[in-house]
Every structure is written in C-alpha cells, then in structure tokens.
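Have a look at the structure below, then the notes.
As the structure is a prediction and not an experimental result, all values here were calculated from the model.
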Amino acid sequence: QVRLVESGGGLVQAGGSLSLSCTASSRTAAMGWFRQAPGKEREFVASVDAIGQSTYYANSVRGRFTISRDNAEDTMYLQMNSLKPEDTAVYFCAASAAYGVIVIQDFYYDYWGQGTQVTVSS
C-alpha cells in the first residue's frame with residue numbers, strides 16, 4: 001500500500017500563485033491531481049507519466065498550472081499561477097500502481113491523498 005501525503009494549499013487572492021506537493025511512501029507509476037469543489041463532482045486537473053516526461057492538463061487550467069515530479073524524492077508538484085475564484089476546491093493527488101502513461105480517468109488510480117484546500121478569493 002502506497003501512502004500519499006499532500007502539502008501546500010491555502011488562501012490566496014485571485015491572480016496569485018500556490019504550490020502543492022504530494023509525497024509518496026514508495027515509487028509509483030503515473031500520478032495526477034484532481035479537485036472537487038463544493039456541490040460538484042471530482043474533476044481531473046493534470047497528470048504526469050511515470051518518468052515525468054509527459055504531462056496533460058484539463059482545458060480549464062492549461063497554461064496556468066504546471067505539473068511535475070521528482071522521482072528521486074517520490075514527490076509530485078502542482079504549481080498554480082494566475083489563480084481564479086473558480087479554482088477553489090479540495091485538491092487531491094493520486095497515483096497509479098501500474099499505468100506508466102498519462103492517466104485522466106480517476107478509476108485508473110490506485111492511491112489517493114487526503115486532500116488539501118485551495119481557496120481563491122475575488
């Protein structure tokens with residue numbers, strides 16, 4: 001069983017930046033970030049492949065968010081710039097045990113973090 005521990009998040013004004021981290025207890029394959037706003041379903045944000053070479057973003061964050069990973073530290077990052085109030089949500093990191101390529105659908109992920117709150121004020 002792999003444990004994922006998230007850090008970062010918090011409160012920021014619109015236009016500001018935040019950085020999230022997700023540290024795994026052992027090596028994982030593809031990783032991703034999802035978010036869930038109050039009253040809404042969980043949605044895909046970004047994914048990075050097992051070696052950190054390929055990335056993919058939801059249209060709503062492309063150009064503003066950057067996903068990356070450091071396999072030497074078993075850590076994934078999400079740099080969020082130009083934040084908007086609609087980015088407010090609980091952000092979850094996820095990891096796949098087997099899929100090395102980009103994974104968009106949540107049901108392909110085996111491990112999940114506890115979630116961290118991101119609030120963007122207008």
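- The side-chain heavy atoms of R64 and D87, taken from C-beta on, include a pair separated by under 4.5 Å.
- M76 and I102 fall into different hydrophobic clusters, where Ile, Leu, Val, Met, Phe, Trp and Tyr side chains are chained together by heavy-atom contacts under 4.5 Å.
- How far CH2 of W33 is from CZ of F44: 12.5 Å, rounded to the nearest 0.5 Å.
- Among all heavy-atom pairs drawn from Q114 and V5, the shortest one is OE1-CA, 4.1 Å.
- Between F92 and Q36 the shortest side-chain heavy-atom distance falls below 4.5 Å.
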>> Set out, in order, the CA-CA distance, both residues' side-chain angles and the distance that settles side-chain contact (heavy atoms from CB on, under 4.5 Å) for Y99 and T28, then state yes or no.
In response: CA-CA 9 Å; Y99 291 96; T28 64; over 6 Å; no
Atom pairs and distances, side-chain donor-acceptor, residues 45-53, under 3.5 Å, sequence neighbours left out:
residue: S47; atom: OG; partner: M31; partner atom: O; Å: 3.1
residue: S47; atom: OG; partner: V103; partner atom: N; Å: 3.1
residue: S47; atom: OG; partner: V103; partner atom: O; Å: 3.3
residue: S47; atom: OG; partner: Y109; partner atom: OH; Å: 3.2
residue: D49; atom: OD1; partner: I51; partner atom: N; Å: 3.4
residue: D49; atom: OD1; partner: G52; partner atom: N; Å: 2.7
residue: D49; atom: OD1; partner: Q53; partner atom: N; Å: 2.8
residue: D49; atom: OD1; partner: S54; partner atom: N; Å: 3.3
residue: D49; atom: OD2; partner: S54; partner atom: N; Å: 3.2

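- Note on V118 and I67: same hydrophobic cluster, where clusters join Ile, Leu, Val, Met, Phe, Trp and Tyr whose side-chain heavy atoms are under 4.5 Å apart, directly or indirectly.
- Using a distance-only test at 3.5 Å, with no hydrogens or angles considered, a donor-acceptor pair links the side chain of T88 to the main chain of V120.
- One distance of note links CD of Q117 with CD of E6; it measures 11.5 Å at 0.5 Å rounding.
- Connectivity analysis of hydrophobic side chains (ILVMFWY, heavy atoms under 4.5 Å, direct or indirect) links Y77 to nothing; its cluster partners are none.
- Minimum heavy-atom separation, P85 to S122: CG-CB, 3.8 Å.
- More than 12 non-hydrogen atoms from other residues, nucleotides or ligands lie less than 6.0 angstrom from OH of Y111.
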> Can you list the steps and then say if R42 with W112 is a side-chain contact (heavy atoms from CB on, under 4.5 Å)?
Replying inline: CA-CA 13 Å; R42 185 170 59 190; W112 291 84; 3.6 Å; yes
> For R62 and Y56, what are the C-alpha separation, side-chain angles and deciding distance, and is it a side-chain contact (heavy atoms from CB on, under 4.5 Å)?
Replying inline: CA-CA 8 Å; R62 187 174 290 117; Y56 187 80; 3.8 Å; yes
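- Each of Y108 and V2 belongs to its own hydrophobic cluster when Ile, Leu, Val, Met, Phe, Trp and Tyr are linked at side-chain heavy-atom distances under 4.5 angstrom.
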Result block: side-chain N/O donor-acceptor pairs under 3.5 angstrom for residues 7-24, not counting sequence neighbours:
residue: S17; atom: OG; partner: N81; partner atom: OD1; Å: 2.9
residue: T23; atom: OG1; partner: T75; partner atom: OG1; Å: 3.1

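- We find the CG-CZ distance between L83 and F65 to be 5.0 Å, quoted to the nearest 0.5 Å.
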